[in-house]
**Q** 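Pasting in a structure now, in structure tokens, and then I'll have a few things to ask.
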Amino acid sequence: MEPTAEVRLLGEQLYARRTEVVKRTLARSRESGAMLSAVVEERFERVGEVSTIAVARWMAGESPEAAIEVGQEVWQIFGALAAQRAAPLNEVTKRCWRWCDAVSEILRETASRLTVSQQALTQAFDMLEFILRLTVVQVCEFFDQERQIADEELARGQEALAFMATHDSLTGLPNRTLIVDRLEQMLVRARHSKTPVAAFFIDIDNFKSINDTLGHAAGDELLRSVAARLDAVVRDVDALGRLGGDEFVVVAGDMSLVAGPELIAERLLEALTEPIKIGEGQTPVTVTASIGIAAGERTVAAELLRDADIAMYRAKWGGRNRHILFESGMADAVASRMELEMDLRVALGNEEFLLAFQPTFNLGDMSPTGLEALIRWDSPSRGVVQPDEFIPVLEETGLIIDIGRWVLEEACGQAAVWRQAGYEIGIAVNVSARQLDSDRIVTDVADALRHSRLEAGALTLEITETTLMRDAAETLRRLTEIKTLGVRIAIDDFGTGYSSLAHLRQFPVDALKIDRSFITGLAENLEGEGLIRTLVQLGKAMSIETIAEGIEQPGELDLLLGEQCDGGQGFLFARPLDAGAAEAFLHEWAQKTPAAATRTPLA
């Protein structure tokens, strides 16, 4: 379409009045009441200006391609509006028509003023209509493309949300919602086909300790590694999920259970036997797990998971790193255990704990050298609870850390009072494995000494042989720091942990407390007598004091004296005493043997 001279004249005039076209277009939009944001309106003004320039240049004699090239900016703006959803398609289309009306109006005015022929004006309108249609088509294509992109993004977003709603964000495993759904489907199929279904509740035994020691980032890395290990041994027809924290679950049915659920549990435990390397230093970490198994018909998935959870707790109480199959009656035991835990959680704040003190003696002259602080729980609802009943729960829940700190503070405070009263005795405090898992134990000991003003040499920390060897490198580091404070270290229950002499030599140990199992019935047990001789001689060879626990019979004492054991403790001398009775005991002993009151403590 080659423009005539009159059309070219109209194009030149239109170009000159391009700003007026924009103003008239804007006025029409205002009259419609469909105004958009200031930023969007500025874009539409630019669209009106560029579109007017494009059609004016074509009318003025430039090629259609040149006009279209100028119009590329318009389409880019429309594309941005569509992508950003800044204006609806119907409003964009209306703006195009309003611009067209404004251009037509100015062309008529110009044609009338310049007495341009109707034929030339018609040709100009045709060229304007061509540009308008091309623009509208481009706009619709842009909006259609963006709608497709938006739909695809929405679909991907919905898929991502659905995945997030049913999967664990850390490991990518199915979460509780999806696992329960799959288990419900398994139960329905099992009822129809009469095939078995089982749930395996898996809890990492030592996760909290690892998380506290190495940090949360290492803990997350460990959980991902555990998930990968477990996933590698779970059949495709079964399902592995993470319920939260350090709890995982496997649901299995049909052919997977032909050899029995215990075989699956063994395979899951075996997957964790190799140490897992985590962190930048690739620290090797040994992980164990307790697995509860629930198998058989249940009404709903929640019942099977509940029973597996109960069995898992029984596995933990049974020693960890094992699996147990749910049996009827376990629920009552778990409920009782949970009640015990809840009572323990408030016991410290309610001041229900107290200390008893059992004297230790120098077997050379039978004088008291110190007292061992022993925790007791006087529950308002349970009465006096034996340590064997509640200390394992304190260990498992981590409550032992706060309560152990309280014991340390109380024992040091009481010992300082007695020493100020003239009784130069030492105090021994038991330290748990959980306390030794953290560097906080060093601070706790230093704080207890500072608060009580007790001489460091009067405090002995008793650590079981098993605890000592659990993480030998870290334990050695922490005990070395404690020794720099001047505190004494004793190995409690010595002889039960199977540690070697080479291992013992590396620790800064001052005393060995020979376990009571070697002392009981010693007078009638020749083999036991040989063991005592070996243990005492081991202590002497290492220049470490030996103290026998659980001495109850005179015959046991005679044999220990014959073997030259340094110290002793047991009911033959004194039972555990409350603070008042312990002070009375010290006073009575000082009255009998004044020199004993100023003796340097052995323990």
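No experiment lies behind these values; they were computed from the predicted model shown.
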**Q** Count the heavy atoms of every other residue, nucleotide or ligand shown that sit under 6.0 Å from CZ of Arg575, and state whether that count exceeds 12.
**A**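 Result for CZ/Arg575: open.
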
**Q** Check whether more than 12 heavy atoms from other residues, nucleotides or ligands sit under 6.0 Å from atom CE of Met338, and answer yes or no.
**A**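 It does: Met338 CE has more than 12 such atoms within range.
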
**Q** Do NZ/NE/NH1/NH2 and the carboxylate oxygens of Asp510 and Lys483 come within less than 4.0 Å?
**A**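 Lys483 and Asp510: salt-bridged.
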
**Q** Taking it one step at a time, do Glu352 and Arg382 satisfy salt bridge (charged side-chain N to carboxylate O under 4.0 Å, His left out)?
**A** CA-CA 11 Å; Glu352 296 172 17; Arg382 301 170 181 271; over 6 Å; no

**Q** Decide, yes or no, whether a salt bridge links Lys513 with Glu462 under the criterion of side-chain N to carboxylate O below 4.0 Å.
**A**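 Looking at Glu462 together with Lys513, the answer is yes, because their closest N to O distance falls below 4.0 Å.
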
**Q** Run the numbers on Glu262 and His323 for side-chain hydrogen bond (donor to acceptor under 3.5 Å, both in side chains), then give the verdict.
**A** CA-CA 8 Å; Glu262 292 85 355; His323 57 80; over 6 Å; no

**Q** Assess whether a salt bridge exists between Asp309 and Arg306, defined as any Lys/Arg side-chain N lying under 4.0 Å from an Asp/Glu carboxylate O.
**A**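 Looking at Asp309 and Arg306, the cut-off is not met.
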
**Q** Over 60° means perpendicular and under 30° means parallel, so classify the ring planes of Phe390 and Phe353, tilted if in between.
**A**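 Judged by the thresholds at 30° and 60°, the geometry between Phe353 and Phe390 is tilted.
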
**Q** Could you tell me whether Glu351 atom CD has more than 12 heavy atoms of other residues or ligands within 6.0 Å of it?
**A**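 Counting other residues, nucleotides and ligands, CD of Glu351 stays at 12 neighbours or fewer.
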
**Q** I'd like to know whether Ser290 forms a side-chain hydrogen bond (donor to acceptor under 3.5 Å, both in side chains) with Asp203, so could you lay out the CA-CA distance, the side-chain angles of the two residues, the decisive distance to 0.1 Å, and finally the verdict.
**A** CA-CA 5 Å; Ser290 298; Asp203 188 89; over 6 Å; no

**Q** Between Asn321 and Thr288, is the side-chain hydrogen bond (donor to acceptor under 3.5 Å, both in side chains) condition met? List the steps.
**A** CA-CA 5 Å; Asn321 195 28; Thr288 63; 4.8 Å; no

**Q** Could you tell me whether the side chain of Leu459 reaches within less than 4.5 Å of the side chain of Leu461, counting heavy atoms only?
**A**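 They are in side-chain contact.
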
**Q** List in chain and number order the residues that pass salt bridge (Lys or Arg N to Asp or Glu O under 4.0 Å) with Asp439, two or more places apart in sequence or in another chain; answer none if no residue qualifies.
**A**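 For Asp439 the salt bridge (Lys or Arg N to Asp or Glu O under 4.0 Å) partners, ignoring immediate neighbours, are Arg477, Arg478.
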
**Q** Would you find more than 12 non-hydrogen atoms of other residues, nucleotides or ligands less than 6.0 Å from Arg453 atom CZ?
**A**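 No, because the 6.0 Å sphere around CZ of Arg453 holds 12 heavy atoms or fewer from other groups.
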
**Q** So, for Ala548 and Ile519, which heavy atoms are closest and what is the spacing to 0.1 Å?
**A**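 Looking at all heavy atoms of both residues, the shortest contact is CB-CD1, 3.8 Å.
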
**Q** Check this for me: does any side-chain nitrogen of one of Glu341 and Arg345 sit under 4.0 Å from a carboxylate oxygen of the other?
**A**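 So Glu341 pairs with Arg345 through a salt bridge.
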
